[in-house]
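One-based numbering, in listed order, for ligands and for the atoms of each. Values below: every heavy atom of this structure, side chains too, minus hydrogens, waters and symmetry copies. In this text, all values refer to a predicted model and were calculated from it rather than measured experimentally.
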Amino acid sequence: MKIRPRRLRLNSSIRDLISESSVSSNDLIYPIFLTNEQEGREEISSMPGQFRHSRKSLIESIKEWEKLGLKGVCLFPKIEEKNKNSTGSFSYSPKNYYLDRIKELKDKFPNLLLMSDVALDPYSCDGHDGIVDHKSGKILNDETLEVLSKMSIAQAKAGVDIIGPSDMMDGRVERIRTDLNGEGFQETLIMSYSAKYASNYYGPFRDALDSAPKFGDKKTYQMDMRNSREALKEATLDSIEGADILMVKPGIAYLDIVSALKQNFHQPVSVYQVSGEYAMIKLGAKEGFFDETQMMLENLIAFKRAGADIILSYFSIDALRLLND
Ligand code: PBG
């Protein structure tokens, strides 16, 4: 035999030398959950090792995470039931603690990238990402854009670096970009959840924020898992509308989509390893079915190999600790 592929796998030095993919602290954004509390934190039962952070716990934790090399966080608020309504208007109210948190974090940690969530679900008494027409049960697209725009401007004013529309309404990137520019926020980035699928993998997240839909499902706005060409259409629209970064979500079951966006677009591509993916790895490892750290690495590397430039992952801190060792 002249060609023996195993020569290139002989030992770890040669394997490292020829390796094509790696994960670094430059790739990671850490999604975190916030509450209106001043002190303490509560563990999320369906996401062991992840917490809903109070103000103090968040500030103390970020100090540690920055030392590990964390570049950015994506913030998700848990909203009290009394502040939810059908239009999600609390999202842009000056009373919304989420906006105060953004302000304070930007002030205390000017180099940490802050990404927000733009969608109605945490603020909606219906648990949907858009306004519900209660007669027909339909999610109203164009009426929702109005709220998404106000929410985005409020977050930009508070000092967020990256606006993250996760709602999947048509035309939202265009509307948000235009209105941000109109208010003087030309430099605020938009990372669009371009190909966001209606997925079973979001279960633990909805538990963490108590934001599950009160009726029906999200299939009239989130994408159908059977389709990939539709992801190209969504990403095309988002690029034309002015998205700076295109996201695919969930991650591991949608690597073909990550790869397709990487090959077909010039924007950086991000991937969101969602709550259900995290929970599956955590629980499988706890049962002793595989090694947690190795399984985490295999998943993160898979995202990089598929073409992701950025990974949003609940494993970000564990990965940074590993990279620092
Ligand atoms: C809501 C939103 C969801 C996630 C991020 N933003 C849930 C949903 O669409 O129902 C899921 C994240 C995760 O599962 O980790 N707009």
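- Residue D129 approaches ligand 1 through these ligand atoms, each under 4.0 Å from one of its heavy atoms: 1 (C), 16 (N).
- Ring centroids of Y197 and Y254 are separated by less than 6.0 Å, placing the two rings close together.
- At least one side-chain heavy atom of N299 sits less than 4.5 Å from a side-chain heavy atom of M295.
- With hydrogens left out, the protein atom closest to atom 16 (N) of ligand 1 is S166 OG, 2.8 Å, a heavy atom.
- Scanning the protein heavy atoms around atom 4 (C) of ligand 1, the nearest turns out to be K249 NZ, 2.6 Å.
- Nearest non-hydrogen protein atom to atom 2 (C) of ligand 1 is K196 NZ, 3.3 Å.
- When hydrogens are left out, the protein atom nearest atom 12 (C) of ligand 1 is F205 CD1, 3.2 Å; that is the closest non-hydrogen contact.
- Between E292 and K282 there is a salt bridge, since at least one side-chain N of the basic residue sits less than 4.0 Å from a carboxylate O of the acidic one.
- Backbone and side-chain nitrogen or oxygen atoms of R206 are examined, and one is located within less than 3.5 angstrom of a nitrogen or oxygen of ligand 1.
- Closest to atom 1 (C) of ligand 1 among all protein heavy atoms lies D121 OD2, 2.7 Å.
- Residue contact check: K218 has heavy atoms under 4.0 Å from atoms 8 (C), 9 (O), 10 (O) of ligand 1.
- Between F205 and F76, the angle of the ring planes goes over 60°, which puts this pair in the perpendicular group of the 30/60° scheme.
- Counting heavy atoms closer than 4.0 Å to ligand 1, residue Y278 contributes nothing at all.
- Atom 14 (O) of ligand 1 has as its closest protein heavy atom S275 OG, 2.7 Å.
- Heavy atoms of A119 found under 4.0 angstrom from ligand 1 belong exclusively to the side chain.
- Under 4.0 angstrom from ligand 1, the non-hydrogen atoms of V274 come from both its backbone and its side chain.
- When heavy-atom distances to ligand 1 are checked against a 4.0 Å cut-off, D167 has no atom that comes that close, whether in backbone or side chain.
- In this structure, OG1 on T144 lies 8.0 Å from CG on D167, to the nearest 0.5 angstrom.
- If you take CG on D179 and OG on S152, they are separated by 8.5 Å, rounding to the nearest 0.5 Å.
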Exercise. List the steps and the verdict of ring-ring contact (aromatic ring centres under 6.0 Å, His included) for Y30 and F315.
Key: CA-CA 8 Å; Y30 185 36; F315 281 113; 10.0 Å; no

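- Ligand 1 has at least one atom lying under 4.0 Å from a heavy atom of Q222.
- Between D161 and K106 there is a salt bridge, since a side-chain N of the basic residue sits under 4.0 Å from a carboxylate O of the acidic one.
- Residues I310 and D27 are not in side-chain contact: their nearest non-hydrogen atoms beyond the backbone lie 4.5 Å or more apart.
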